[in-house]
Amino acid sequence: SDRLKALVTIMTGCDHCCTYCIVPYTRGNERSRSSESILKEMRDLETKGFKDVMLLGQNVNSYGKGLEEAVDFAGLLEKIQKETPRIPRLRFITSHPKDAHARLFTAMRDLPMVCEHLHLPVQSGSNRTLRRMKREHTREWYVRQIEEYRTLVPEGTLTTDLIVGFPGETEDDFLETLSLMDHIKFDSAFIFQYSPRPGTPALKLHDDVSPQEKDRRHQILLAAQKAASLKRNQALIGRTLEVLFESRAKRDEGRFVGRTRGYKRVVVTASKELVGEFHPVKILSVADETLLGELG
């Protein structure tokens, strides 16, 4: 309604059968929309003046499977850049580590509208747990992909998903996840306690991690991520970043909330209206996962 942010579904379903996930059974196999259908919607959004568009799919970077046209996800990004260059920001979610590769990272680097933010769920740092989850990637594979991403997109931010207390997760498995977090240093992470979902293959596994242990491990990961987020955000103090302001702060009408291209939350105080506008902001300090700044 505000013609600021929009969501565009580019594909549905998923061909990866992770044992904890219901999506393949409720939404079926991967089905991609034709690029022309997507471009038509993007052109409409461009005409209406939208400034931040998010491409959606269970696994966006496997886009193109089953289409008669020869186009992959990076190719789709290139088409969107060419056809709708007046849209300032383009984002996407979610990606699977098995399908993340240098071609995607290069597109993120080279296409001006594509934001430098990658959400790449790892779920666990333990190869043993990843096998039980049927994630189709290993810890080592994930680390190599992140090294390549950060080489090609040095200013890029990285977020992830993690599950704690998956059936059969031992203390050693958990510590491997903790060590992966320390090694990668994510900008932020969504961290969940495993809970059984009807209809998923994981129901056949014995949910043998107690609720108390799940909570303990969850709290440890949350604390570790909070410290990592704070450190990565503190490195931005003194930098000037482009911010798209999305709203006024709920508790203070004189403060405005926006996002950087790397999806960092920024708050500034201003006497003029900022919502819907891009402004350079100098980062002055950090409060948890929020950057505090002043207009540049």
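Keep in mind that the numbers below use all heavy atoms, side chains included, and drop hydrogens, waters and symmetry copies. Source: prediction; values computed, not measured.
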Give a yes or no on whether the backbone of L104 and the side-chain of H101 come within a donor-acceptor separation of less than 3.5 Å.
yes
Considering only NZ, NE, NH1 and NH2 on the basic side and carboxylate oxygens on the acidic side, decide whether E273 and R248 come within less than 4.0 Å.
yes
With a 4.0 Å cut-off on N to O distance, would you call K48 and D44 a salt bridge?
yes
Assess, by modelled atom type and distance only, whether the side chains of D110 and Q81 contain a donor and an acceptor separated by less than 3.5 Å.
no
One thing to verify: whether E289 and R232 come together as a salt bridge, which I'm taking to mean a side-chain N less than 4.0 angstrom from a carboxylate O.
no
Cation-pi check, R259 to Y263: give yes when NZ or CZ is under 6.0 Å from the six-membered ring centre and within 45° of the ring axis, no otherwise.
yes
Salt-bridge present (R217, E213; N to O < 4.0 Å)
yes
From the list R239, R109, R261, R150, salt bridge (charged side-chain N to carboxylate O under 4.0 Å, His left out) partner of E155 resolves to R239
Compare every heavy atom of S124 with every heavy atom of L162, then report the nearest pair and how far apart it is.
CD2-N, 4.1 Å
Can you name the one residue among H137, R132, E140 that meets side chain to side chain donor-acceptor pair (under 3.5 Å) with N127?
E140
With under 30° as parallel and over 60° as perpendicular, where do the rings of H279 and F245 fit, or are they tilted in between?
tilted
Within the side chain of S62, is there an N or O that forms a donor-acceptor pair under 3.5 Å with the backbone of N59?
yes
Distance-only polar pair, side chains of H117 and T159, donor-acceptor under 3.5 Å
yes
Quick one: SG on C18 to CD1 on I163, what's the gap to the nearest 0.5 Å?
8.5 Å
Answer yes when E169 and R128 have at least one side-chain N-carboxylate O distance shorter than 4.0 Å, and no when they do not.
no
